[in-house]
Amino acid sequence: MQEEIVIVGAGQAGAQVAQSLRQGGFEGALRLIGDEAHPPYQRPPLSKKFLAGEIGAEGLWLRPPAFYTTNTIDHIPNTIVVGIDRSAKRVQLENGDTISYGKLVLATGTKARLLPIKGSDKDGVVTLRSIGDVDAIRDRLSKSQNLVIIGAGYIGLEVAAVARALGKDVCVIEAQDRPMKRVVSETVSGFFAKLHSDNGVQLRLNTGIEALEGGEAVESIRLSNGDSVPADLVLVAVGAEPNDQLAADAGLDTDNGVLVDGAAQTSDPDIYAVGDCTRFYSGRYSRSVRMESVQNAIDQAKIAAQALLGQDVDYDPLPWFWSDQYEIKLQIAGLSEGYDKTIVVGDPAAKKFYVAYLKDNALIAVDSINSPRSHMMARRVIGEIWRDDLLPDA
């Protein structure tokens with residue numbers, strides 16, 4: 001008889017583990033515990049099409065509810081796991097119940113990073129991680145005119161684009177000197193800064209925040225230079241932190257993420273972890289990495305399922321990401337950290353180009369702007385020595 005497998009976290013990674021286990025022939029009991037009321041759903045559209053009202057909640061679902069019934073996957077919604085008893089091999093639920101496991105998979109994802117700033121607890125100060133978050137933002141946005149976004153990363157800029165399309169006044173405040181500085185070059189940052197400025201977004205770079213002001217609800221933001229920016233709604237989009245506290249409290253090895261090996265196994269041989277909450281060593285990049293992406297959630301989940309089924313696996317992916325802002329699609333292949341040279345192909349003014357990132361003359365990453373062919377080819381040739389015909393024209 002196969003051991004019962006319990007998956008904590010019913011997002012993209014957790015759902016993929018369950019699906020891959022059944023596809024791989026696992027016939028034992030399989031429980032998928034989620035803290036939301038919805039079936040597992042995709043999160044990237046939250047800040048884009050779902051916020052814009054172009055799709056409803058059902059359009060986000062990875063599978064219809066009947067899929068889990070048909071495949072004998074016990075999806076347990078609205079349930080929070082608060083502890084792991086490793087010696088007894090049980091998880092403890094918030095309501096006091098326990099669930100036994102033979103093998104346990106943690107797919108706990110991330111949580112929004114909060115701001116340690118006066119006034120950040122006021123009504124109208126929000127983050128964006130879930131369907132419920134977006135429902136609340138959309139309702140508030142319908143009654144507001146002045147939206148302030150703190151953070152010029154993917155989510156902040158995607159929401160800015162949607163809000164401008166809805167006719168809202170948008171101000172984006174960023175502590176760094178350019179948008180998306182952590183993940184793209186100056187060329188790409190400059191392109192998106194101009195794109196948003198041309199669309200009426202007020203970008204305030206190199207700018208700190210002193211306080212969020214108002215009564216019970218936020219009314220304005222006081223900046224470090226003394227300026228005040230009106231705000232009916234404030235979105236805090238300053239990154240995410242891994243939900244690794246459950247693992248840490250259970251004595252598992254963590255370091256800004258649950259530490260796993262190439263088989264997605266934690267420091268406990270009966271516990272695995274997958275997706276945004278994990279950190280693993282990448283031989284490709286010769287360092288430890290934690291990735292927040294759909295690609296990583298799906299691929300690492302498949303690896304974990306294979307390992308649970310007894311297969312020999314070693315996870316070392318080529319990461320890729322994307323972002324949609326206005327009519328622009330940014331597609332990223334690889335990790336550009338540590339690059340020593342960039343090559344721009346195409347014309348940023350024409351809104352169709354790519355930037356190749358090199359390290360020691362080897363291609364380590366490519367940012368493609370409205371250039372899908374270069375993105376797809378880049379995913380095949382990352383790691384090769386650069387030559388002029390390595391990638392197609394933009």
Side-chain angles (χ1 to χ4, degrees), residues 1-22 24 26-35 73-76 79-94 96-111 241-283 287-292 296-317:
M1 181 177 178
Q2 291 179 307
E3 294 182 289
E4 178 171 4
I5 295 178
V6 173
I7 304 167
V8 179
Q12 187 106 41
Q16 185 64 56
V17 172
Q19 178 181 326
S20 294
L21 282 169
R22 286 294 187 236
F26 179 74
E27 297 179 348
L30 187 53
R31 294 188 174 186
L32 179 63
I33 305 174
D35 61 2
I73 298 169
D74 184 13
H75 173 229
I76 307 173
T79 300
I80 297 175
V81 175
V82 296
I84 302 170
D85 184 337
R86 291 166 56 192
S87 59
K89 300 183 75 171
R90 290 195 299 261
V91 296
Q92 181 179 349
L93 308 183
E94 189 177 46
D97 292 344
T98 62
I99 295 177
S100 298
Y101 66 85
K103 300 291 184 184
L104 177 65
V105 181
L106 302 178
T108 47
T110 61
K111 58 187 176 184
E241 299 174 333
N243 284 320
D244 60 0
Q245 193 60 52
L246 181 66
D249 289 346
L252 300 177
D253 292 344
T254 62
D255 180 12
N256 186 33
V258 185
L259 297 181
V260 296
D261 62 14
Q265 191 175 66
T266 71
S267 52
D268 183 325
D270 290 322
I271 302 179
Y272 294 71
V274 294
D276 292 3
C277 70
T278 68
R279 177 173 292 277
F280 58 92
Y281 181 79
S282 169
R287 59 184 173 89
S288 172
V289 297
R290 187 175 70 81
M291 298 180 187
E292 299 172 19
N296 179 62
I298 293 174
D299 292 349
Q300 193 176 36
K302 291 178 178 178
I303 287 291
Q306 291 169 15
L308 286 162
L309 292 168
Q311 299 175 32
D312 187 18
V313 291
D314 187 15
Y315 185 58
D316 191 10

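- In this structure, Arg279 contributes its side chain and Asp255 its backbone to a donor-acceptor pair below 3.5 Å.
- Proximity of a side-chain donor or acceptor of Asp244 to a complementary backbone N or O of Thr254 within less than 3.5 Å is not detected.
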### Message
Pair Ile298, Gln12 - check side-chain contact (heavy atoms from CB on, under 4.5 Å), show working.
### Response
CA-CA 7 Å; Ile298 293 174; Gln12 187 106 41; 3.7 Å; yes

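- We find the CD1-CG distance between Ile7 and Leu30 to be 4.5 Å, quoted to the nearest 0.5 Å.
- Closest of all the heavy-atom pairs between Lys103 and Tyr272 is CD-CE1, 4.5 Å.
- For the pair Ala304 and Ala264, the tightest heavy-atom approach, listed with the atom from each and the gap, is CB-CB, 3.8 Å.
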### Task
For the pair Val81 and Leu93, evaluate side-chain contact (heavy atoms from CB on, under 4.5 Å) and give the outcome as yes or no after the intermediate values.
CA-CA 4 Å; Val81 175; Leu93 308 183; 3.8 Å; yes

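- Checking each of Val6, Val8, Leu308 against Val105 for a side-chain contact (heavy atoms from CB on, under 4.5 Å) leaves exactly one that passes, namely Leu308.
- Interatomic distance, Asp314 CG to Phe280 CZ, rounded to the nearest 0.5 Å: 10.5 Å.
- Here Ile33 contributes atom CD1 and Thr108 contributes atom OG1; the two are 12.0 Å apart, rounded to the nearest 0.5 Å.
- Side-chain contact of Glu292 with Thr110: a donor-acceptor pair under 3.5 Å is absent, judged by distance alone.
- Expressed to the nearest 0.5 Å, how far CG of Asn296 lies from CZ of Arg290 amounts to 10.0 Å.
- Atom CG of Leu104 sits about 10.5 Å away from atom CD of Glu4, to the nearest 0.5 Å.
- Taking each heavy atom of Ala10 and Gly34 in turn, the nearest pair found is CB-CA, 3.7 Å.
- A donor-acceptor pair under 3.5 Å links the side-chain atoms of Lys89 to the main chain of Gly102, judged by distance alone.
- Among all heavy-atom pairs drawn from Asp316 and Ser282, the shortest one is OD1-OG, 2.9 Å.
- Minimum heavy-atom separation, Ala13 to Gly275: CB-CA, 4.0 Å.
- A donor-acceptor contact shorter than 3.5 Å links the side chain of Thr266 to the backbone of Ile271.
- For the pair Ser20 (side chain) and Ala305 (backbone), a donor-acceptor distance under 3.5 Å is absent.
- Other residues, nucleotides and ligands contribute more than 12 heavy atoms inside 6.0 Å of the CG atom of Asp97.
- With rounding to the nearest 0.5 Å, the separation of CD1 in Ile5 from CG in Leu32 is 12.0 Å.
- Side chains of Pro242 and Asp276 form no contact here, defined as non-hydrogen atoms less than 4.5 Å apart.
- The minimum heavy-atom distance between Ile303 and Tyr315, with the atom names listed, is CG1-CD1, 3.6 Å.
- For the pair Gln16 and Val274, the minimum side-chain heavy-atom distance is 4.5 Å or more.
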